[in-house]
There are 2 protein chains.
Amino acid sequence: MEQTLTFSIQDYLKNIYELTDSGEPATTTALAERLGIAPASVTGMVQKLSTAKPPLLKYRKHQGVMLTNEGQRAALEVIRHHRLLEAWLVKTLGYSWDEVHNEAEKLEHVISEDFEKRIAAAMGNPERDPHGEPIPSEDLVMPDDESVALVNLESKQEAVVCRVEAQDTDLLKHLEGLGLVIGAHVKTLEVSRYDQVMQLQVRGRKEAVVLGPAVTSRVYVEVVA
Amino acid sequence: MEQTLTFSIQDYLKNIYELTDSGEPATTTALAERLGIAPASVTGMVQKLSTAKPPLLKYRKHQGVMLTNEGQRAALEVIRHHRLLEAWLVKTLGYSWDEVHNEAEKLEHVISEDFEKRIAAAMGNPERDPHGEPIPSEDLVMPDDESVALVNLESKQEAVVCRVEAQDTDLLKHLEGLGLVIGAHVKTLEVSRYDQVMQLQVRGRKEAVVLGPAVTSRVYVEVVA
DNA sequence: AATATAATTTAGGTATTCCTAAATTATTCT
DNA sequence: AGAATAATTTAGGAATACCTAAATTATATT
Ligand SMILES: [Mn+2]
Ligand SMILES: [Mn+2]
Ligand SMILES: [Mn+2]
Ligand SMILES: [Mn+2]
């Protein structure tokens, strides 16, 4: 029999997907932190999901976990729900990009495939959510994302903001205050690798801003030729 | 401490509200049937909710349950969510009235008060859902409903359909096929109390239809002067 | 009023998902 | 390499929400 995908399991899979994006296995501790539960609880769930039929995770003691193909499909389904919902809430109910995450976090588990289809169609099958995150297609293929973090730019480079890795309200509001929204044109002025600080000019703003790595590692851009 | 309103508890309260609408307590068996669980399980939950602080139910062994004021407030909150969601799904996503119930049944438990406010405002604070059921106001007052069931009409009366008590797809599709939708004008022809059958002319239809109590007890109308 | 029937409750379990504390294993440092 | 530290797992337990089977209580029938 197939493992029932409870809300809890859906959140495990989604977070494992995001943690293993780099190719590295997700550690028990990292998962526990993201999920806000005790590491011991994660071990238990991970053991269960890796011995389910079919297994949703590949797990070796003390080595962390990766998703199986089955697990990845389930994860992408949840991520598609989440990101479509965020886009939908912004587009039709006037939510701002710092408000959508918590609402989508709950709705993602309860909407039907029919609901998913309807909102996707109503928006013309968008490929990005309000934070620029790619939305997996209906057949669960994740669109490419070639963007690089601001922190990796040289000085005197021009680029366009295309994605932010942030879900907490405070950081998102801060970014908006700086003009660092999706589509903003920016130009790096001074870049100092040693103290991890960067001066950035946002097009349409008077003053350049000084940014630390808490911001520059979370804002992704495409460099302009 | 306040009792956490789990999804399960929310469904108990909502169903108890609907069962006690008449003024009679809800029986264990009736509740069990509506919720699709065993009567023994209902007894357990009912005991818990009636001894919670504050109590959500008034319960005496073998006498059934009623909602306390606290319990009623919680029930109306869930019902408001459900009915607003149904209205919104129909209005913005093209759901038909026979498709909305199951989707709303899940969404009702996860939307925030903010979400509730936004969809209510977007629709101009509607007072009825797609089935004509009254939607509790934001301060949780249930609008009056003076309608009577078709089954209670005399012959030669004219009336307007204003509410249907139905949530299963089949019955709703059947009603739609008959033209018995919200706002339809109807006129009773022959009414036979003995075999519970009624002949009804729906305005705009060629043929009169013959209806049994499975339909006439679920379609509510306002009689036209 | 006694008995049969129906409704309800109690008793004893299961599954899920989380917890803390203690034990174990892996990694890092000297 | 051995010791200290950090990460992980195991053990034992709690809360929630169900279940079935058996016992009890209420209601209806004769
Ligand atoms: Mn979630
Ligand atoms: Mn997002
Ligand atoms: Mn429900
Ligand atoms: Mn309805």
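Letters A, B, ... mirror the listed sequences (proteins, then strands); counts begin at 1.
- Phosphate proximity of D:dA7 to A:T27: absent, as no side-chain N or O sits under 4.0 Å from OP1 or OP2.
- Between A:H131 and A:W97, the angle of the ring planes stays under 30°, which puts this pair in the parallel group of the 30/60° scheme.
- In this structure, A:R60 places its CZ atom 16 Å from C1' of D:dT9, rounding to the nearest Å.
- Atom CD in B:Q47 sits roughly 7 Å away from atom P in C:dT9 (whole-Å rounding).
- Distance check: A:D145 CG to A:E133 CD gives 8.0 Å after rounding to the nearest 0.5 Å.
- In this structure, A:Y59 reaches the sugar-phosphate backbone alone: every heavy-atom distance under 4.0 Å involves primed, P, OP1 or OP2 atoms, never a base.
- Ring-plane geometry between A:H109 and A:F7 is classed as parallel, the angle between the planes falling under 30 degrees on a 0 to 90 degree scale with a further cut at 60.
- Annotation: side chain of A:M45 is in contact with side chain of A:S8 (closest heavy-atom distance under 4.5 Å).
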Using a 4.0 Å cut-off on protein heavy atoms (strictly under), produce a 5'-to-3' string for nucleotides 18-29 of chain D with B for base contact, S for backbone-only sugar-phosphate contact, and - for none. SBBB---SS---
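- Rounded to an integer number of Å, the gap from A:Q3 CD to C:dT17 P is 7 Å.
- C:dC18 atom P lies 9 Å from atom CD1 of A:I9, rounded to whole Å.
- One interatomic measurement links the two molecules: CG of A:L49 to C1' of C:dT16, which rounds to 12 Å at whole-angstrom precision.
- Rounded to a whole Å, the NE2 atom of B:H109 is 12 Å from the P atom of D:dA17.
- The existence of a salt bridge linking A:E99 and A:K173 is excluded, since no basic side-chain nitrogen approaches an acidic carboxylate oxygen closer than 4.0 Å.
- Set against D:dT9, C:dT9, D:dA17, the side chain of A:T43 has D:dT9 as its closest nucleotide.
- B:R118 places a side-chain N or O within 3.5 Å of a backbone atom of A:G94 that can act as its donor or acceptor partner.
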